[in-house]
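Notes to accompany the following structure.
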Amino acid sequence: MAASAISQTIGVGHVLPLEVVDKCIGNKVWIMMQGTSEFYGTLRGFDDYLNIVLDEVREYQDSGNGGKRVLVNTLDSMLLNGSHVCMIIPGDAPPPKGENEK
Amino acid sequence: MASKQGYGADLRKFMDLRVDLRLNAGRHVAGVLKGYDQFLNIVLDNAIEIKDGKEGAAQNNRELGTIVIRGNSIVMWENLDKVQ
């Protein structure tokens, strides 16, 4: 799956961050933004600015330390602006569910 | 140790060492540096997100695995392993 493909890239030595993102295309990723927003969905593509195309997206608001996590939105497809992307996490294991999620 | 203009930071010395990064918006992560580029985008392996500022309080940490961090959001960098 994504994890083994990524591990193989890393085994080589010096890894470019955008290579790792490239390996995730077609898989679930978890995007953390610079504020408290998080997006979990299928990565369809990205560009040099880390603008990201996601499908089947769930948007969460996470109020940080010990705080509540809430599912805010679900979207079929979106273009996410890369300027406030903070972390990209290849998602074999999905993030914690929101309080209001079933 | 001089770096040419436009090449960004030389992080070769820090490769495969544990680093602790403070990010914009109060996020705090630690992991093993596996790669970087000229914008300081970072690949971390075995990454954990540290909550409450205490790495020892393990129940507050989230394990993230292998992650990519956008260089734009890195505020502070600490090396947890000694640099040769």
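We name chains A, B, ... by the order of the sequence lines, and we start the count at 1 in each one.
Nearest heavy atom pair, residue A:S37 against residue B:R27, reads O-NH2, 4.0 Å. Considering all non-hydrogen atoms of both residues, B:R70 and A:V85 come closest at CD-O, 3.0 Å. In terms of heavy-atom proximity, B:V43 sits nearest to A:V15 at CG2-O, 4.0 Å.
To the nearest 0.5 Å, atoms CG (B:N41) and CG (A:L50) are separated by 6.5 Å. To the nearest 0.5 Å, the span separating CD1 on A:I89 from CD on B:E63 amounts to 12.0 Å. Atom NE2 of residue A:H84 and atom CG of residue B:N24 lie 8.0 Å apart, to the nearest 0.5 angstrom. Atoms CD1 and CD1, from A:I88 and B:I67 in turn, are 10.0 Å apart once rounded to the nearest 0.5 Å.
Contact of the A:M87 side chain with the B:V68 side chain is not registered, since no non-hydrogen atoms from C-beta on lie closer than 4.5 Å. The shortest distance between side-chain heavy atoms of A:M32 and B:L64 falls below 4.5 Å.
Between A:E19 and B:K34 no salt bridge is recorded (no basic side-chain N to carboxylate O distance below 4.0 Å).
Linking Ile, Leu, Val, Met, Phe, Trp and Tyr whenever their side-chain heavy atoms come within less than 4.5 Å leaves B:W77 and B:V32 in two separate clusters. In terms of hydrophobic clustering, with Ile, Leu, Val, Met, Phe, Trp and Tyr side chains grouped at heavy-atom distances under 4.5 Å, A:I52 and A:M78 are assigned to a common cluster. Using a 4.5 Å cut-off between side-chain heavy atoms of Ile, Leu, Val, Met, Phe, Trp and Tyr, with links allowed through other members, B:Y36 and B:V83 fall into the same hydrophobic cluster. Under the 4.5 Å side-chain contact rule for hydrophobic residues, A:V57 and A:M33 share a cluster. Under the 4.5 Å side-chain heavy-atom criterion for ILVMFWY residues, no single connected hydrophobic cluster contains both A:Y60 and A:V72.
Around atom CZ of B:F39, no more than 12 heavy atoms belonging to other residues, nucleotides or ligands sit under 6.0 Å away. Surrounding CG of A:D47 are more than 12 heavy atoms belonging to other residues, nucleotides or ligands, all under 6.0 Å away.
When A:G82, A:C86, A:G35 are compared by the number of non-hydrogen pairs under 4.5 Å with chain B, A:C86 comes out ahead.
For chain A, the nearby part of B:L23 is the side chain; its heavy atoms alone come within less than 4.5 Å.
In this structure a side-chain-to-backbone donor-acceptor pair under 3.5 Å is missing from B:R12 to A:H14.
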